[in-house]
Amino acid sequence: MSPDILDEASEIWFGPQHVSAHGWATKLTLVGDYIVECDPNAGYFHRSAEKCLEFRNFRQGSMILERICMMEAFLAEYPYIAAVEKIVDLEVPERAKVMRTIMLEFNRIHSLQFWWGQFAGELGLFAMLLWPWVDREYTLDAFETLTGSRHTVSYETPGGVKYDFTPKFLTKMEIALSRVKERMPVFEDMLSGSPTFRLRTEGVGHYTLKKALKWGLSGPNVKACGYPMDLRKDDPDPNLAYDMIDWEVPTIHNEDHPGECDAFDRLLQRFKEIETSLDIIDKLLPLLPEGPIVDPKARAKANRLPEGESYGRVEGTRGVTTVWLKTMEKAQTPWRAKIRGPCFASYYSLKHIVPGARFADFPAIFGSLDPYPGWWDR
Amino acid sequence: MVGSLGGNEMQFDFFTWFGGLWDWILGILLWFWGIIKWLVIWILDIINGIWALAAVPENFMFLFRAVVMPGLIFLLLALIFTVWFTRKIWARVQDRRGPTHLGKYGGYQLFADAVKLMAKETIIPDKAKRWMYRILPSLLLVIVLIPFAFIPWDPYWNIMGPPGQAFGDLSVSLVLIFALLTAVPVFSLLIGWVTGSKYSLIGGFRSANNQFASEIPMVISSVGPAMLAGSLSMYSIVAAQTSIWYIVLLPINFATFLVASIASVGTFPFDAPVADSEIIFGWRTELSGIYFTVVYFAEFAEQMLYSAIMVALFFGGFNGLPFLPGIVNFLIKWLVVYFLFTVVTSSFYRLRQDQIVHLCWKYLLPLSVLNVVLVMFAIVYIPGLLPLVIGG
């Protein structure tokens with residue numbers, strides 16, 4: 001860009017008090033209606049979660065993580081549990097493995113329901129903002145029946161899960177899932193079937209697979225380019241039940257631009273994610289074995305951990321979520337816990353995706369990447 | 001007495017001077033009193049003249065119509081109803097309930113909102129032009145309310161009566177309405193400019209862009225009814241629809257007018273000027289308290305106005321069920337059109353500004369021009385049409 005273009009540029013802050021910036025601030029340089037520079041800034045949502053983890057024992061730590069991103073509470077707390085289970089030798093019962101997997105997938109559906117609404121609201125259709133959130137109430141009801149809490153669930157624990165499935169919960173989950181299945185065609189009509197939606201998202205926020213991998217994107221944002229990079233398949237966790245069943249990694253293959261994706265492809269990708277999650281839950285529910293739900297010695301074993309270092313990770317809704325844990329001998333708390341959220345990469349990739357777009361496209365771009373400030377500020 | 005000037009020197013007698021001093025002061029006071037008296041008499045004369053004018057039956061009825069019914073007070077009540085109606089429709093479309101608590105079905109919600117907004121502190125930014133900031137929102141409301149004078153609510157009971165009488169409808173009232181409405185985005189742009197924020201400046205320019213895109217298709221869409229009726233007066237256009245409503249003859253013109261008027265108001269899905277996920281609240285970002293309230297009312301008044309114009313141009317205005325008063329006919333149709341307007345606004349994604357111009361100029365403009373051409377051919381070549389549409 002030649003310097004004389006920047007003479008007429010004006011800088012505008014998108015956040016931190018902006019109604020659409022949920023606790024973040026991006027400095028945009030505008031020339032006319034076009035964005036020529038985008039400078040994402042982190043640090044407006046910092047709550048020192050990593051430091052807090054150093055003062056919680058290994059059964060409490062996961063509750064800090066689910067407060068980072070409440071939309072995917074089950075998924076957010078799992079990497080910590082996985083890291084603890086790698087350091088200490090815990091035997092997770094089969095029933096707990098299946099239950100965990102079902103809840104992770106159920107939570108993924110919930111998070112994507114929330115995202116549908118948020119994305120549509122950013123594009124200016126308030127009916128579509130509220131319709132998925134009405135359905136989401138059924139899901140939250142099911143969460144509440146199972147764990148007693150709608151958002152901060154604290155369901156998983158080292159060595160298993162805390163609460164067993166009750167018939168009431170199973171009924172509520174079935175209601176919620178059938179509601180999702182019933183309304184999927186409606187939402188597909190209202191999002192991908194709507195001509196005004198296509199006008200706003202097609203060809204917007206364009207990047208190639210190579211760049212996405214270079215920027216460190218993961219999850220749906222990479223899978224939308226047609227590359228089946230999924231932790232559930234690539235590195236199946238021994239304490240989860242993904243390898244017990246047959247399922248396909250959802251990817252989008254767009255013939256117009258193979259190996260690339262725009263905002264519209266990322267929406268279709270997330271639709272496919274929901275379909276896959278529904279499929280996994282349907283296949284896992286009949287396999288639910290009888291038995292205990294937690295390792296009987298989990299409490300004693302997870303009280304003091306041996307010296308070690310481990311890396312727990314899970315395929316979250318927004319990408320790969322990881323926790324690195326280091327413990328000292330007979331430690332009651334971690335020596336250091338490092339959280340790597342999926343959204344840091346997607347937030348800072350705005351710097352490369354956004355320049356050249358119109359100002360009005362900016363909500364469509366960041367909305368389709370599904371950033372959540374908790375994940376980069378922690 | 002003999003002095004150096006031969007008896008012509010001035011004699012200063014203190015007591016004479018002192019005795020005359022009071023007369024002098026009294027003279028000044030009387031002079032001031034004269035001015036005040038003259039002013040008071042002048043004002044009383046003016047009031048007297050106005051009173052005499054107002055006492056003329058025609059004038060009095062005009063004043064009554066302009067202030068009470070269907071003038072200012074009627075419009076205010078209609079505005080209150082409209083806000084409630086809009087919020088309810090919006091809520092139903094969005095799977096919510098809308099206002100429920102205050103009054104029957106939440107009918108008093110607007111009063112609560114208005115009291116809350118007026119009680120709020122008015123924060124004027126440092127960079128704002130203060131007196132412009134204070135005066136522009138009210139001017140915007142006034143410029144939106146003036147065109148209501150030309151809406152033919154009823155065969156007789158209008159603000160401007162039937163043409164030919166005293167205070168009759170103007171022969172060019174349709175053009176005058178559009179001329180006044182063109183000023184609305186100018187005020188939006190000015191408000192965006194003087195309130196001292198980049199968001200509001202961008203919003204102001206986007207508002208001007210909206211009007212730039214939608215004005216021409218809207219005006220050309222209104223040419224069809226005017227040609228069929230053979231008049232540019234709103235009253236005559238309505239009066240010509242006794243036999244057949246123009247919606248039957250010009251459905252495409254109605255559609256283009258509806259879309260263009262939504263774009264002109266700048267509400268969803270053409271709400272790029274106030275897009276909250278991009279520029280917070282557009283040109284209204286820095287308005288607070290009573291100024292925001294006034295602008296909020298102005299937006300609803302504009303939506304009401306466009307619905308009323310559509311009823312007059314396409315739905316036969318006060319024509320309808322013969323046993324009902326004209327204004328009731330008008331209001332029923334107005335409710336239906338307003339419902340249509342609101343449902344359209346609540347079911348599309350927001351368009352980008354360049355897409356708004358694309359839509360208006362590539363689709364609405366050719367359609368409306370085509371319809372004008374069709375009307376011209378129809379008037380010339382269909383022999384039975386003209387007596388039918390000119391009708392009463």
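Since we're looking at a predicted model, the values are computed, not measured.
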Salt bridge (charged side-chain N to carboxylate O under 4.0 Å, His left out): pairs with one or both residues in residues 198-217 of chain B, sequence neighbours excluded: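 Matches after skipping sequence neighbours: B:Arg206-B:Glu278.
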[X] side chain near [Y] side chain, heavy-atom distance below 4.5 Å:
X: B:Arg352; Y: A:Val204; value: yes
X: A:Asp33; Y: B:Asp354; value: no
X: A:His18; Y: B:Ile280; value: yes
X: B:Phe281; Y: A:Val19; value: no

Does anything in residues 117-127 of chain B form a side chain to side chain donor-acceptor pair (under 3.5 Å)? List the pairs, not counting sequence neighbours.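 Of all non-adjacent pairs touching residues 117-127 of chain B, none passes side chain to side chain donor-acceptor pair (under 3.5 Å).
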Does [atom1] belonging to [X] count more than 12 external heavy atoms closer than 6.0 Å?
X: B:Tyr108; atom1: OH; result: no
X: A:Lys181; atom1: NZ; result: yes
X: B:Phe348; atom1: CZ; result: no
X: A:Glu174; atom1: CD; result: no
X: A:Tyr348; atom1: OH; result: yes
X: B:Phe187; atom1: CZ; result: yes
X: B:Ile252; atom1: CD1; result: no

Mark yes or no for whether A:Trp131, through its side chain, and B:Val93, through its backbone, hold a donor-acceptor pair below 3.5 Å. yes
A:Arg200 side chain to B:Arg350 main-chain N or O, any donor-acceptor pair under 3.5 Å? yes
With only heavy atoms counted, which part of [X] is less than 4.5 Å from chain B, the side chain, the backbone, both or neither?
X: A:Leu28; answer: neither
X: A:Leu30; answer: side chain
X: A:Ala120; answer: both
X: A:Phe126; answer: both

What distance separates [X] [atom1] from [Y] [atom2], expressed to the nearest 0.5 Å?
X: B:Tyr199; Y: A:Trp13; atom1: OH; atom2: CH2; value: 9.5 Å
X: B:Arg96; Y: A:Trp133; atom1: CZ; atom2: CH2; value: 12.0 Å
X: B:Tyr349; Y: A:Arg198; atom1: OH; atom2: CZ; value: 12.5 Å

Side chain from CB out, backbone as N, CA, C, O: work out which of these in [X] comes under 4.5 Å of a heavy atom of chain A, or both, or neither.
X: B:Phe268; result: side chain
X: B:Thr285; result: neither
X: B:Ile202; result: side chain

Identify the heavy atoms of B:Ser346 and A:Ala127 that sit nearest to each other, and give their distance. O-CB, 4.1 Å
